[in-house]
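Source: prediction; values computed, not measured.
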Amino acid sequence: MDWEAAYANGHVESPLDHHVLDLAPTLPPGTALDVGCGAGQNSIWLAARGWDVTGIDIAPSAIDAATKAARVAGVDVNFLVADTRHWSTPETFDFVFSTYALPARGPGRTHALAIATSAVAPGGTLLITEFDVSMEGGSGWNENDLIDTTELEEHLGGFEVLRLDVERTRHAHGHDEQNYPVAVAIARRRA
């Protein structure tokens, strides 16, 4: 998908992710990395609750929208245009999350997952949610855009896995809202 065109044309509206809303209050505010932040709704919500947040996204229009929304909300978020298939950071964060933002299956996704996991500080928490492979076949989704828990598990060495399963969850993107199977990984890096 051409995310820049989608955001530039105003075709992407994403609500706050309920996994972030449920998990973040159980964590002490610290530093957070939002991998594939889109228009920044999750980053802004965290910043308003005392988190020091960095959000990255491939689409410059998404980052522009996120920056404006943060300003309106009166919070500071470090938003960066970055392609998770190639980006890296020497920094580590207390909370790293990617919600429905991984690249298609292949070397780019492998790199994005490796960066997300390596960016988690000792004792920090990782959250990954992505549409599950059980959506294949007749759903109209490209199988390379889907994930399974086995692929996620391959990247969780050095973590205590708190949750790794598939749930059916209501998800809205734009004006389309449906129940989808979603692979969820929540893990804590061993100190």
Checklist entry - Are E153 and V161 close enough that some pair of their side-chain heavy atoms sits under 4.5 Å apart? => result no
Next on the checklist: With a 4.5 Å cut-off on side-chain heavy atoms, are I147 and D132 touching?
Outcome noted: no
Item to check | Euclidean distance, I128 CD1 relative to I186 CD1, rounded to 0.5 Å | outcome: 10.5 Å
Item to check | Trace of the side-chain hydrogen bond (donor to acceptor under 3.5 Å, both in side chains) decision for H19 with T99 | outcome: CA-CA 8 Å; H19 297 96; T99 57; over 6 Å; no
Item to check | Point-to-point distance, once rounded to the nearest 0.5 Å, from OG1 of T149 to CD of E154 | outcome: 10.0 Å
Checklist outcome for this item: To the nearest 0.5 Å, atom CG of L102 lies from atom CG of L146 at 11.0 Å
Checklist entry - For R168 and N179, which heavy atoms make the closest approach, and how far apart are they? => result NH2-O, 3.0 Å
Next on the checklist: Assess the residue pair F93 and F95 against the criterion (ring-ring contact (aromatic ring centres under 6.0 Å, His included)); give the C-alpha distance rounded to whole Å, side-chain angles, the decisive distance to 0.1 Å, and a yes or no.
Outcome noted: CA-CA 5 Å; F93 301 83; F95 182 32; over 10 Å; no
Checklist entry - Looking at L16 and Q41, what are the two nearest heavy atoms and their distance? => result CD2-O, 3.1 Å
Checklist entry - Shared ILVMFWY cluster between V96 and I44, side chains joined below 4.5 angstrom? => result no
Checklist entry - Do you know the tightest heavy-atom contact between P103 and G108? => result CG-O, 3.9 Å
Checklist outcome for this item: Minimal heavy-atom distance between T169 and E167, with the atoms involved, is CB-OE2, 3.4 Å
Checklist entry - Which heavy-atom pair separates I63 from C37 by the least distance, and what is that distance? => result CD1-SG, 3.7 Å
Checklist entry - Other hydrophobic cluster members with V166, side-chain heavy atoms of Ile/Leu/Val/Met/Phe/Trp/Tyr under 4.5 Å, chained? => result none
Next on the checklist: Do L80 and L46 land in one hydrophobic cluster if side-chain heavy atoms of ILVMFWY residues count as linked below 4.5 Å?
Outcome noted: no
Checklist entry - Is atom CG of D148 surrounded by more than 12 heavy atoms (other residues, nucleotides or ligands) closer than 6.0 Å? => result yes
Checklist entry - Do any pairs count as a salt bridge (Lys or Arg N to Asp or Glu O under 4.0 Å) and have a residue in residues 78-97, sequence neighbours left out, and if so which ones? => result D83-R85
Checklist entry - Sub-3.5 Å donor-acceptor pair from the side chain of N42 to the main-chain atoms of D17, do we have one? => result yes
Next on the checklist: When you group the ILVMFWY residues by side-chain heavy-atom contacts below 4.5 Å and let the links chain together, are V77 and L21 in the same group?
Outcome noted: yes
Checklist entry - Is there a side-chain contact between I58 and V81, using heavy atoms and a 4.5 Å cut-off? => result no
Checklist entry - Just checking, any donor-acceptor pair under 3.5 angstrom between side chains of H111 and T84? => result no
Next on the checklist: Main chain of V35, side chain of S98: is a donor-acceptor contact present, judged purely on distance under 3.5 Å?
Outcome noted: yes
Item to check | Shortest non-hydrogen contact between D57 and A59, atoms and distance | outcome: OD1-N, 2.9 Å
Next on the checklist: Under a 3.5 Å cutoff, is there a donor and acceptor pairing between the side chains of T31 and D52?
Outcome noted: no
Checklist entry - Using the ring of each side chain (for Trp, its six-membered ring), is Y180 parallel, tilted or perpendicular to F131, with breaks at 30° and 60°? => result perpendicular
Item to check | Approximate separation, where rounding is to 0.5 Å, of H155 NE2 and L113 CG | outcome: 4.5 Å
Checklist entry - From E160 CD over to R189 CZ, what is the distance, rounded to the nearest 0.5 angstrom? => result 13.0 Å
Next on the checklist: Would you compute the distance between atom CG of L126 and atom CG of L152 and round it to the nearest 0.5 angstrom?
Outcome noted: 8.5 Å
Item to check | Connected via hydrophobic side-chain network under 4.5 Å: F97 and L23 | outcome: yes
Item to check | Intermediate values then yes/no, side-chain contact (heavy atoms from CB on, under 4.5 Å), D64 and F79 | outcome: CA-CA 9 Å; D64 287 345; F79 286 116; over 6 Å; no
Checklist entry - With hydrophobic residues grouped by side-chain heavy-atom distances under 4.5 Å, do L33 and V120 end up in a single group? => result yes
